[in-house]
J.: 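One structure, as structure tokens, below. Some questions next.
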Amino acid sequence: MTGQPGGRGLEEFGWPGWLPGRRRPERDRRALAEELADIRDSPDGETRSAELERIAARADAAGDDRSALDARLALIESYLLHGQRWRLVEPVRRCLAAADRRPDLLPPGGREVLSRYQRYAVEALLGSSRVGLDQARALLDDLAAGDAPVVAELRCRIADHLGDEPAARSWYDRWAAAAPDPADGCPECARVRRAELLAGWGDWRAALDELADAGGPDCTEAPERVLTAGMLPWLRAGEPERAVAAHVRAYRRHRHERAAFPYLAAHLRFCALAGHPGRGLDILAERLPSLDHADDELSAMEFAAAGALVCAVATDAGLDARTVHRPASGSRPAADLDVEALGTALLDLATGLAGSFDARNGTGHQSGRIASWLAERTRAEQMLVAPVPWPPDWPEDDGPPDDGLADDLPDDRPVPLSLALVTAALERRGDRYVVDAADTVVGRWGEALIQVRRAGERGEILHVRTVASRRLPASRRAEAYAFCNSWNQDRLLPTAYVHDSGAELVLAGDVSTDLSHGVAPVQLDVLLESAVRTGSAYADAVAALP
């Protein structure tokens, strides 16, 4: 960190030639840039986002386009990091307007980055009813001039979301015919999205044809995302053994990853429709706490609807005496619910969220989707008589192995970052740790409390945060800033900063590593060793302060 903390006051008497309480523009710009640098070094969270919004508004008032753009870009990155895409529309719109006025503000490649953010903002319409339909369409119309394949995909998915299948199919044909462009995102994931649309329209064989060659080695979510998309089509197309094998393999990974929550609805529906509601209840019990922290309303709605179907089929199977613990959230107390009560609660949630989407969309399509899922109860009852058999090497009552895929991987083969990989690496070191409800690994090394979590859109960023045990009084703020400045100047890791909680100062540090292309276990060992060693040294240095 540099300089003094943010929130600097204005001079009492102003400057010659300026009204009292006003600064010269160049001085105001310097102050905004310094405050922005300070905020970028602060911990993630709502406080940081609010400060970035405040700086952007001040920069607008001061006519400082560069500071306003920088603040909003940082705000967008923060929203993406925390899965809050529904908040992207306004900052993206303002960034685009600023770039149109002042193209010189963008660095090389900046326009491509803004276009990607613009796409994310439009996609947020699909995940949250809090995004206005007209807002997203305006951004999409602006995007249409630059990227035909992406526009065809977005128009297809939005038409499908609204229930306009003919329009969706028309745009689907244009999307599928367009040559894939790596700049538009992972082409493998695009094929999976097309397969999911086809499955939603009941075109099971066409969906499987789309998945036939998907899931290449360059996709960090392969092959599990492909397997999840294929579960129900394989089941419907008369290949139940392949469907259950896909569920077994994919859930071994998805059960450990917070970012995999949107895939859980498919796993739950499969368990209900394959004649295994008991396994579905196991998944519900294991992942129900994640429902209260879902990143978007669509995944929460689909999880709840699929869970309600599982509960209905479990009741038909005579499992209604089982109970599932639902943790407290907000004003709702914790409770142990029987299957019928849990199914009712999940159905109420799913129908309420579907109603919110339909009220925004002006259609009844999402409520219809939920009703169609629940109507599959009759088909599921028939499967209870002759359920799909589990693979011989994984009996139903054993459950999937607790170690995910970590123990089966070659040490030098890069694979997607996962919670299982992190915990396996710490166990190889002999470290003690706990995993909290948000899938953050927490441990103490000497004077350091260290938190390890996966960040980013797909959980591809390894984020390690160190918090020193020692606190300093607020009166030593200048000394704390000087210490962090000195540390950051002399050492590479971790990036040190001061968090002012009001009564005392918390000295912390961060290390983030982008592992978009995967990480081998031996590489992860080195990264965690470095993060723990440097984090412990930082906390020891804080403890040694006078």
Side-chain angles (χ1 to χ4, degrees), residues 1-6 37-48 51 81-82 417 419 421-455 461-515 519 521-546:
M1 297 183 63
T2 59
Q4 297 299 313
D38 286 347
I39 294 301
R40 279 176 163 166
D41 286 339
S42 64
D44 289 324
E46 284 298 323
T47 300
R48 183 175 186 268
E51 286 297 301
L81 183 67
H82 294 285
L417 180 64
L419 175 63
L421 283 178
V422 172
T423 56
L426 293 176
E427 287 167 3
R428 286 193 294 271
R429 287 171 42 89
D431 294 325
R432 298 180 62 184
Y433 62 88
V434 296
V435 181
D436 66 15
D439 287 347
T440 299
V441 180
V442 183
R444 183 170 292 280
W445 285 264
E447 295 292 330
L449 176 71
I450 297 181
Q451 303 165 320
V452 184
R453 68 185 183 96
R454 297 166 59 247
I461 297 175
L462 177 68
H463 182 263
V464 184
R465 183 173 186 241
T466 297
V467 180
S469 297
R470 185 182 179 188
R471 304 290 193 266
L472 296 179
S475 60
R476 299 182 64 179
R477 185 179 292 106
E479 181 182 349
Y481 286 148
F483 169 79
C484 289
N485 285 339
S486 176
W487 179 276
N488 291 332
Q489 181 177 350
D490 296 338
R491 296 170 177 82
L492 181 61
L493 302 173
T495 301
Y497 58 86
V498 178
H499 176 58
D500 190 346
S501 63
E504 59 183 5
L505 305 175
V506 178
L507 277 73
D510 284 313
V511 179
S512 294
T513 308
D514 187 346
L515 300 174
V519 61
V522 292
Q523 293 173 312
L524 188 58
D525 288 345
V526 173
L527 292 173
L528 289 176
E529 168 68 21
S530 174
V532 170
R533 185 183 296 276
T534 57
S536 298
Y538 171 72
D540 290 343
V542 174
L545 289 172

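Remember, predicted model here, so these are calculated numbers, not experimental data. The basis for the numbers below is simple: all heavy atoms, side chains too, and nothing from hydrogens, waters or symmetry mates.
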J.: Could you give the distance from OG (Ser512) to CZ (Arg465), rounded to the nearest 0.5 Å?
T.: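 So the OG of Ser512 and the CZ of Arg465 are separated by 11.5 Å.
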J.: Looking at Asp439 and Arg454, does any basic side-chain N land under 4.0 Å from a carboxylate oxygen?
T.: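 Judged by the 4.0 Å cut-off on N to carboxylate O distance, Asp439 and Arg454 do not form a salt bridge.
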J.: Counting C-beta onward and ignoring hydrogens, is there a side-chain heavy-atom pair between Val467 and Val506 closer than 4.5 Å?
T.: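 Of all side-chain heavy-atom pairs linking Val506 with Val467, at least one is under 4.5 Å.
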J.: May I have the step-by-step check of side-chain contact (heavy atoms from CB on, under 4.5 Å) for Thr440 and Val452, ending in yes or no?
T.: CA-CA 6 Å; Thr440 299; Val452 184; over 6 Å; no
J.: Taking atom CD of Glu447 and atom OG1 of Thr466, what is their separation to the nearest 0.5 Å?
T.: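 The CD atom of Glu447 sits 12.5 Å away from the OG1 atom of Thr466.
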J.: Do other residues, nucleotides or ligands put more than 12 heavy atoms under 6.0 Å from the CZ atom of Arg429?
T.: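 Atom CZ in Arg429 is packed in, count exceeds 12.
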J.: Apply the test side-chain contact (heavy atoms from CB on, under 4.5 Å) to residues Leu449 and Val442: give CA-CA distance (whole Å), side-chain angles for both, the deciding distance (0.1 Å), then the verdict.
T.: CA-CA 7 Å; Leu449 176 71; Val442 183; 3.6 Å; yes
J.: Can you tell me how far apart CZ (Arg470) and CD (Glu504) are? Round to the nearest 0.5 Å.
T.: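 Going from CZ on Arg470 over to CD on Glu504, the span is 12.0 Å.
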J.: State whether the side chain of Trp487 and the backbone N or O of Pro494 hold a donor-acceptor pair below 3.5 Å, judged by distance alone.
T.: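 Flag set: sc Trp487 to bb Pro494 pair under 3.5 Å.
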J.: Is there a side-chain contact between Asp525 and Arg428 in this structure, where contact means two heavy atoms from C-beta onward sitting under 4.5 Å apart?
T.: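 Contact flag for Asp525/Arg428 side chains = yes.
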J.: Do Ser530 and Leu493 have side chains that get closer than 4.5 Å, going by heavy atoms?
T.: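 Yes, close enough: below the 4.5 Å cut-off.
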J.: Asn488 and Ala496: which non-hydrogen atoms are nearest, and at how many Å?
T.: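 Closest heavy-atom pair between Asn488 and Ala496: OD1-N, 2.8 Å.
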J.: Side-chain atoms of residues 535-546: list all donor-acceptor pairs with protein atoms under 3.5 Å, sequence neighbours left out, distances to 0.1 Å.
T.:
{"from": "Ser536", "atom 1": "OG", "to": "Val532", "atom 2": "O", "distance (Å)": "2.8"}
{"from": "Tyr538", "atom 1": "OH", "to": "Ala508", "atom 2": "N", "distance (Å)": "3.3"}
{"from": "Tyr538", "atom 1": "OH", "to": "Ala508", "atom 2": "O", "distance (Å)": "3.0"}

J.: As an exercise, state the distance from CG of Leu426 to CG of Leu421, rounded to the nearest 0.5 Å.
T.: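 If we round to the nearest 0.5 Å, Leu426:CG and Leu421:CG are 11.0 Å apart.
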J.: Tell me, with the steps shown, if Tyr497 and Asp510 meet side-chain hydrogen bond (donor to acceptor under 3.5 Å, both in side chains).
T.: CA-CA 8 Å; Tyr497 58 86; Asp510 284 313; 3.2 Å; yes
J.: Side-chain contact test, heavy atoms from C-beta onward, threshold under 4.5 Å: evaluate it for Leu505 versus Arg477 and give yes or no.
T.: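 Of all side-chain heavy-atom pairs linking Arg477 with Leu505, at least one is under 4.5 Å.
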J.: Would you check if Leu527 and Leu515 make a side-chain contact, meaning some heavy-atom pair closer than 4.5 Å?
T.: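 Side chain of Leu527 against side chain of Leu515, heavy atoms only: contact under 4.5 Å found.
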J.: Would you find a donor on one side and an acceptor on the other, under 3.5 Å apart, between the side chain of Asp514 and the backbone of Ile461?
T.: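 No: the side chain of Asp514 does not pair with the backbone of Ile461.
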J.: First locate atom CZ of Arg491, then atom OG of Ser486, and finally report the distance between them rounded to the nearest 0.5 Å.
T.: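 If I round to the nearest 0.5 Å, the distance is 7.0 Å.
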J.: With heavy-atom distances below 4.5 Å as the criterion, would you say the side chains of Tyr433 and Glu427 are in contact?
T.: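 Yes. Closest side-chain heavy atoms under 4.5 Å.
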J.: Could you please spell out the steps behind the side-chain contact (heavy atoms from CB on, under 4.5 Å) verdict for Leu417 and Leu462?
T.: CA-CA 8 Å; Leu417 180 64; Leu462 177 68; 4.0 Å; yes
J.: Do Arg471 side-chain atoms and Ser469 backbone N/O form a donor-acceptor pair below 3.5 Å?
T.: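 Yes, Arg471 side chain to Ser469 backbone: donor-acceptor pair under 3.5 Å.
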